[in-house]
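A, B, ... follow the sequence lines: proteins, then strands. Residue 1 opens every chain.
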Number of protein chains: 2
Amino acid sequence: MARGRPPAHTREQVVDAAIGIADVEGLAAVTMRRIAQDIGAGAMSLYTYVPDKDHLVDLMVDRVGGTVTPVPITGDWRTDLLALAGSQRALMRAHPWLPAALPNRRLIGRNMLTYLEQGLAALDPTGLPAPVKLEIIALITGLVATFVTAELAGSAPAPEQVALIGEAVAGGGLPHLAAALAEGAQGSGPPGEPDFDRLAGWTITGLVTQALSS
Amino acid sequence: MARGRPPAHTREQVVDAAIGIADVEGLAAVTMRRIAQDIGAGAMSLYTYVPDKDHLVDLMVDRVGGTVTPVPITGDWRTDLLALAGSQRALMRAHPWLPAALPNRRLIGRNMLTYLEQGLAALDPTGLPAPVKLEIIALITGLVATFVTAELAGSAPAPEQVALIGEAVAGGGLPHLAAALAEGAQGSGPPGEPDFDRLAGWTITGLVTQALSS
DNA sequence: CTATTTCCAGTACGACGTACGATAATTGCG
DNA sequence: CGCAATTATCGTACGTCGTACTGGAAATAG
């Protein structure tokens, strides 16, 4: 049994090395040569374990999806969905490349399916039709990705942008924006951490409530 | 005045050519050489008009943002936000590369600012604090991008995925997913077009309502 | 042992973004 | 007019990417 030369590495090793690089240096730093170097292999050897780079990214997504600790299902959809969103957010913050890599990915692998399963379980008490449940899950995922992307971009809007905005506002024709800036300038600092729970809570509660009442 | 050799093209020509390519063949097909070929220039000539490719994508985003017909402000936030979301959706469907290009972009240029202005105007009657208004606008944009991405991916889940899902479900351990599939299989066909208005309406109404009541 | 199977990895190709530098076109000054 | 100064054009070239190809290395089956 097991004829031929035995593999020197495993698919998981390759995927984990890619994830490690992406976590620290970003998705753009993940190249086949770089991965090979990290695990001590020739660049072309990777193609024994992975068909191509695109598929590798799919595998990366699915693998980190398997690292989330499953959230407990209490039976209260609001609590459970919020917990699910929170665990997703934690995942995306631990792997900042994830929000960017997520769109346009075929959800290959079981881990993405177990995420769906959890979402469906959380929404079970609502009694909504299955397609609506799936839509709500997709929307929540998108919301979390949007939020985390904004979060990771940092609240510092870069000096060049401040200049641009100030200039445009001074040029006139944007009264509400000018008012918002003025209000923001004299307002308090950033509200801090609980922003996510607040916004996600609003969206989840609002979305499900509306869905139930229609 | 205007010393030196006169430019043979304009920045707008370059950006428009890039948009034209992206619309038809996707963002990946937008290369400097390809753009140059389309407008009849040498590849390096483009750098007279654009500092680098990354900036070019910024310009593409801002330029298509200027093509949206401004939505009328009725004073009813629900109607106005829904119209704004609808116009964004139309824009993203006309330029399918937009949802993918949008994240991680500095919002350079006035067109993005006028979009913000419109959102703020729509939210004006709510009397919410300015930062909350901006958060809501960002969330709605993210929602539209998520929805359109899903829309453009097509409702056909590709045979390989169907096989994967079926297999995983048959393996057990995913009861809610199995139930959802069963329910979906015997259910009616796709609800069709009004999906967007329905989902966006739920989210917008729910989000703003929740924000107002807290 | 030999044959077979499997994996390893060097070389190489085409495409990418773009730095560099020679060349061309235009204006201002004499 | 000619001649510098200025600005745009674009061919060439470099380093990097994904990956096709290929010959060699390491294991098992007989």
For nucleotides 16-19 of chain C, which of its nitrogen or oxygen atoms have a protein nitrogen or oxygen under 3.5 Å away, and what is each distance?
unit_1, atom_1, unit_2, atom_2, d
C/dG17, OP1, B/Lys53, NZ, 3.0
C/dG17, OP2, B/Met32, N, 3.1
C/dG17, N7, B/Arg33, NH2, 2.6
C/dG17, O6, B/Arg33, NH2, 2.8
C/dT18, OP2, B/Tyr47, OH, 2.9
C/dT18, OP2, B/Lys53, N, 3.0
C/dT18, O5', B/Tyr47, OH, 3.4
C/dT18, O4, B/Arg33, NH1, 3.4
C/dT18, O4, B/Arg33, NH2, 3.4

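Mapping A/Pro7 and B/Pro6 onto DNA chain C by nearest heavy atom places A/Pro7 at the nucleotide closer to the 5' end.
Distance A/Ile35 CD1 to C/dA9 C1': 16 Å, rounded to the nearest Å. Per the geometry, CD belonging to B/Gln37 stands 13 Å off C1' belonging to C/dA15, to the nearest Å. Atom-to-atom, CG of A/Leu56 to P of D/dC17 comes out at 14 Å; the value is rounded to the nearest Å. Going from atom CD of A/Gln13 over to atom P of C/dC7 covers 15 Å, rounded to whole Å. Note: CZ (B/Arg5) to P (D/dT7) measures 14 Å, nearest angstrom.
Distances shown here put every side-chain N or O of A/Thr48 at or beyond 4.0 Å from the OP1 or OP2 atom of C/dC7. A sub-4.0 Å separation between OP1 or OP2 of C/dC8 and a side-chain N or O of A/Tyr49 is present.
Judged purely by atom type and a 3.5 angstrom limit, B/Thr114 has no side-chain atom pairing as donor or acceptor with the backbone of B/Glu117. Between the side chain of B/Ser45 and the backbone N or O of B/Ala41 there is no donor-acceptor pair closer than 3.5 Å. Within the 3.5 Å criterion, the main-chain N or O of B/Ile39 finds a donor-acceptor partner in the side chain of B/His9.
Note on A/Ala36: nothing from the nucleic acid sits closer than 4.0 angstrom, heavy atoms only. At a threshold of 4.0 angstrom between heavy atoms, the contacts of B/Gly4 include nucleobase atoms, whether or not backbone atoms are also involved.
With hydrogens and angles left out, the side-chain atoms of A/Gln88 and A/Tyr115 include a donor and acceptor closer than 3.5 Å.
The cationic group of A/Arg89 lies under 6.0 Å from the six-membered ring centre of A/Phe196 and within 45° of the ring axis, placing it in a cation-pi geometry.
A distance of 7.0 Å separates NZ in B/Lys53 from OG1 in B/Thr31, rounded to the nearest 0.5 Å.
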